[in-house]
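Note sheet for the following structure.
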Amino acid sequence: MHLLNRYNRLMNTQARDIFSHRKYWPHKFGPATELPMTREEMDILGWDSCDVIILTGDAYVDHPSFGMAIIGRLLEAQGFRVGIISQPKWNDVEDFQRLGKPNLFFGVASGNMDSLVNHYTSDRKRRSDDAYTAGNVGGKRPDRATIVYSQRAKEAYKGVPVVIGGIEASLRRIAQYDYWSEKVRRSILPDSKADLLVYGNAERAIVEVAHRIAAGEKIADITDIRGTAFMRQGIPEGWTVIDSTSIDAPDSLEHNEPNPYIDTTQKNDCEKSNQEGIAKQAGENGVAIQPAVDKQNEGAAQIVFFDHRPKNIDRNTSVIRMPSYDQVVEDKYLYAHTSRVFHLETNPGNARALIQRHGKRDVWLNPPPIPLSMSEFDKVFELPYTRLPHTSYGDAIIPAYNMIRFSVNIMRGCFGGCTFCSITEHEGRIIQSRSEDSVIREVETIRDTVPGFTGNISDLGGPTANMYRLQCKSPKIEASCRRLSCVYPGICKNLNTNHKPLTKLYRRARDLPGIKKIFIASGLRYDLAVEDPEYVKELVSHHVGGYLKIAPEHTEAAPLSKMMKPGIGTYDRFKQLFDKYSEEAGKEQYLIPYFISAHPGTTDEDMLNLALWLKQSGFRPDQVQAFLPTPMAIASAMYHTELNPLKKVDREGTEHVGSVKDPRQRRLHKALLRYHAPENWPIIREALTKMGRTDLIGNGKKHLVPAWDPSKPRAKSSGGSGSDLHHRIRVKPANTNGPNKGKAGRGGRGKGKGAKPIGKR
């Protein structure tokens with residue numbers, strides 16, 4: 001019965017309110033003004049020890065945009081004494097002992113960014129700065145910070161549990177392709193030697209872990225919490241192991257048995273309603289490769305191949321065995337298959353547990369956490385944050401903080417499913433939104449308490465600007481859906497696209513006394529925005545600071561299909577509305593589109609067509625984003641395997657996807673986006689010659705690049721005005737009225753990345 005209760009708790013989709021736990025006894029100390037970073041600060045608070053110590057690679061900023069602040073304040077609200085060790089000296093074990101031994105556990109995270117993304121450009125060049133460090137100084141955290149910090153914590157106090165989390169741990173919870181070492185690496189769990197991994201936004205998991213350890217439970221016995229991963233040897237009695245290569249096989253619909261990727265308990269109305277837009281996400285798109293199951297150490301578990309699967313198998317006690325680490329290292333088909341299975345098992349309403357063999361043990365992934373309710377989300381963001389960097393930093397500038405100090409996070413999650421993006425792997429596809437009242441209270445808090453506030457809110461947003469309170473119309477459909485995107489290749493008819501709650505929030509926020517302007521700086525999902533012209537009018541008329549960032553990413557169908565992004569025609573529809581409402585408002589405003597170079601599935605011809613579109617549209621990107629294969633993203637699987645896990649994966653019929661890996665070709669793709677820069681003309685001219693497009697080389701308006709060499713002196717033109725388009729067209733200066741003064745603000749994917757418009761369009 002005890003084991004059954006644990007199973008039921010694991011699969012329960014009616015989660016307990018995270019603020020309903022009985023507070024731990026130290027709650028009598030009350031909240032700290034700042035979570036302590038030294039023993040002296042602990043003494044002032046009257047603490048003899050910390051219950052939990054958080055190790056982070058970021059500077060400590062007590063603001064809800066920083067993960068360590070959210071987890072720290074949330075645990076404090078549960079009654080626990082929480083200390084922060086920020087950017088410890090990773091070669092000095094004593095620095096990990098500065099706050100003493102934690103009573104319960106160490107919580108370890110690399111910071112708000114993956115440490116390797118933080119350290120290196122998409123061309124693997126080392127960065128000299130770090131926006132999450134005081135003074136913007138680089139080198140304050142190690143590469144693979146989560147692994148290093150976890151190992152040092154284990155050395156500092158043997159026997160103290162270590163719980164890892166944050167985006168670096170979350171995106172490395174299974175075997176994953178690592179762009180920086182160009183190989184498939186193991187799950188971060190065995191490398192870090194951590195006792196437990198909490199993935200995604202881990203509020204539910206970390207609260208339960210803390211209370212159960214405080215109650216005397218050993219961390220090795222905590223195996224039934226959603227949103228956690230751990231190492232395990234053998235399969236517990238009573239579980240059924242399903243081989244992943246069976247449930248996603250093409251013959252799975254030929255035996256009149258229910259397909260687990262449709263759903264074993266109810267009809268998947270969402271899939272049914274979208275057959276005309278996209279091939280089913282499973283069943284019909286399967287794998288025809290040899291079974292990947294490794295039968296060692298299965299214990300009493302039953303291994304089931306789909307062809308012989310018992311009817312009505314219990315979802316609560318079934319686990320999917322994915323190909324092992326050794327298998328995905330050796331076989332790219334199995335790697336692509338594993339990526340596909342992993343992403344189809346991410347809906348909290350129907351996901352099963354997953355396991356992957358690493359040596360003699362398994363990495364066990366419990367199903368994803370249940371999203372926070374609106375009430376819980378409100379309370380998390382209204383904990384007593386100072387909204388300031390720790391006082392120990394003095395006047396040092398922390399660029400990441402400066403970017404968000406006057407912004408408000410109104411939602412989390414993303415159902416867009418862009419294959420190059422890691423938001424959905426980390427935060428999930430179900431949108432969690434705050435109440436309107438809670439957002440307004442935070443705006444008022446910023447107005448009344450944050451130093452330097454001048455009346456402008458820099459952003460009301462999140463991962464996307466306009467998914468606030470958008471969700472599936474039916475909870476039943478939402479719980480059973482396995483679509484990777486609610487908006488690709490078309491918007492699901494079951495998706496609520498009503499922007500009225502967001503429009504109402506904008507109006508209420510800007511009418512507050514003392515608020516001059518509410519800007520929207522988060523990336524806009526324009527394919528959703530065009531469904532509600534009233535929202536577009538509201539946005540364009542009142543919340544654009546001269547420039548609005550949007551991300552079509554490309555113009556060509558082939559790369560867009562690998563990104564799961566809408567066609568450029570949707571951009572054109574939005575641009576028409578944007579221009580119309582800007583003119584009606586009497587404002588000269590511009591769209592700043594973002595594009596990705598070298599994405600899987602992109603050819604040189606695709607990039608050339610994009611460059612021609614940019615020139616015809618009058619855009620000159622200042623900086624561009626080259627595709628960066630981040631761990632576990634679908635596009636990263638495409639890059640590594642050159643296969644398409646969005647479709648059927650087998651050895652004969654799988655769609656192959658070209659990957660842009662050669663450094664010179666990557667440089668060419670970036671150069672074509674910046675066709676106007678003289679330093680890029682030689683490589684573009686060379687490529688145009690090879691492509692048979694010398695008609696695009698010349699000094700006229702119809703040409704892409706001039707014929708003359710910018711490194712050599714030119715004869716003076718008798719006309720005095722010059723013959724090259726690059727020198728004749730005046731680039732309109734950036735608008736300086738907005739909070740970012742013409743530079744790309746928060747929500748973009750590159751520092752200052754954007755495109756200057758040429759004249760009014």
Side-chain angles (χ1 to χ4, degrees), residues 10-15 18 64 67 70-71 74 109 112 114 165-174 176 197-208 225-229 270 281 339-354 365-374 376-377 380-381 409-434 461-464 466-472 474-475 477-488 492 494-496 522-523 525 528 564 630-634:
L10 174 64
M11 300 306 295
N12 179 22
T13 57
Q14 300 299 319
I18 58 174
I70 287 182
I71 297 301
L74 177 60
N112 269 21
D114 181 282
I167 194 164
E168 183 166 280
S170 188
L171 298 185
R172 287 177 165 79
R173 55 190 186 265
I174 62 171
Q176 83 290 159
L197 183 154
V198 292
Y199 66 86
N201 295 111
E203 290 95 348
R204 289 201 190 285
I206 203 68
V207 166
E208 187 167 353
I225 299 178
R226 298 179 68 108
T228 63
C270 184
Q281 295 294 343
S339 174
R340 175 176 171 77
V341 170
F342 173 85
H343 285 91
L344 289 171
E345 292 290 341
T346 55
N347 183 344
N350 61 15
R352 288 176 167 86
L354 302 171
L365 273 64
N366 281 332
I370 303 302
L372 296 182
S373 67
M374 182 175 286
E376 291 172 309
F377 201 18
V380 166
F381 273 76
N409 193 320
I410 65 175
M411 50 76 66
R412 68 165 55 145
C414 180
F415 50 68
C418 301
T419 61
F420 54 83
C421 180
S422 298
I423 292 174
T424 51
E425 283 88 347
H426 184 58
E427 296 192 358
R429 291 180 173 84
I430 297 177
I431 302 302
Q432 301 165 65
S433 300
R434 294 171 63 185
T464 54
N466 60 318
M467 286 188 184
Y468 178 73
R469 299 188 71 170
L470 301 189
Q471 58 193 22
C472 190
S474 166
I477 293 174
E478 182 178 72
S480 64
C481 181
R482 291 186 186 273
R483 281 190 65 168
L484 298 181
S485 171
C486 298
V487 292
Y488 181 85
C492 175
N494 296 310
L495 179 66
N496 168 31
S522 294
R525 191 78 197 202
L528 286 170
M564 291 212 300
T630 53
M632 246 163 46
I634 294 175

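Both backbone and side-chain heavy atoms feed into the values below; hydrogens, waters and symmetry mates do not.
Counting only heavy atoms from C-beta outward, the side chains of L365 and I174 approach each other to under 4.5 Å. Put simply, the side chain of I18 reaches to within 4.5 Å of the side chain of V380, judged on heavy atoms. In this structure the side chain of C418 reaches within 4.5 angstrom of the side chain of R525, judged on heavy atoms. C486 places none of its side-chain heavy atoms less than 4.5 Å from the side chain of R429. Residues M374 and R469 form a side-chain contact, since some pair of their non-hydrogen atoms from C-beta on lies under 4.5 Å apart. Side-chain atoms of R173 and M632, non-hydrogen and from C-beta on, do get closer than 4.5 Å to each other. Residues M411 and T464 have side chains in contact (heavy-atom distance under 4.5 Å, counting atoms from C-beta outward). By the 4.5 Å heavy-atom criterion applied to side chains, L470 and L528 are counted as neighbours.
Between the OG atom of S474 and the CG atom of N496 there is a distance of 12.5 Å, given to the nearest 0.5 Å. One distance of note links CD1 of I71 with CD of E203; it measures 5.5 Å at 0.5 Å rounding. Atom CD of residue E478 and atom CG of residue N350 lie 10.5 Å apart, to the nearest 0.5 angstrom. Rounded to the nearest 0.5 angstrom, E345 CD and L354 CG are separated by 5.5 Å. Rounding to the nearest 0.5 Å places CZ of F377 at 9.5 Å from CD1 of I410. With rounding to the nearest 0.5 angstrom, the CD atom of E376 is 9.5 Å from the CG atom of L74.
A205 and G227 make their closest contact through CB-O, 4.4 Å (heavy atoms, listed as atom of the first residue, atom of the second, distance). For the pair P463 and I423, the tightest heavy-atom approach, listed with the atom from each and the gap, is CB-CD1, 3.7 Å. Annotation for S170 and Y199: closest pair OG-CB, 3.5 Å, computed over non-hydrogen atoms. When all heavy atoms of P348 and P371 are compared, the pair lying nearest together is CG-CD, 4.2 Å. For the pair C492 and R483, the tightest heavy-atom approach, listed with the atom from each and the gap, is CB-NH1, 3.5 Å. Here the closest non-hydrogen pair linking G417 and M564 is O-CE, 2.9 Å.
Judged by distance alone, the side chains of T228 and N366 do bring a donor and an acceptor atom under 3.5 Å apart. No donor-acceptor contact under 3.5 angstrom links the side chains of E425 and S422, judged on distance only.
In terms of modelled atom types and a separation under 3.5 Å, the side chain of R482 and the main chain of H343 share no donor-acceptor contact. In terms of modelled atom types and a separation under 3.5 Å, the side chain of E168 and the main chain of D114 share no donor-acceptor contact. A distance-only check finds a donor-acceptor pair linking the side chain of R434 to the backbone of N409 [under 3.5 Å]. Looking only at distances, a side-chain donor or acceptor of S522 sits under 3.5 Å from a matching main-chain atom of G462. No donor-acceptor distance shorter than 3.5 angstrom exists from the side chain of R412 to the backbone of G428, with no hydrogens or angles considered.
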Please determine whether side chain to side chain contact (heavy atoms under 4.5 Å, CB included) holds for the pair L484 and T346, giving the CA-CA distance in whole Å, both sets of side-chain angles, and the decisive distance to 0.1 Å. CA-CA 9 Å; L484 298 181; T346 55; 5.6 Å; no
task: Give the intermediate values and the outcome of side chain to side chain contact (heavy atoms under 4.5 Å, CB included) for residues F381 and I70.
output: CA-CA 8 Å; F381 273 76; I70 287 182; 4.2 Å; yes
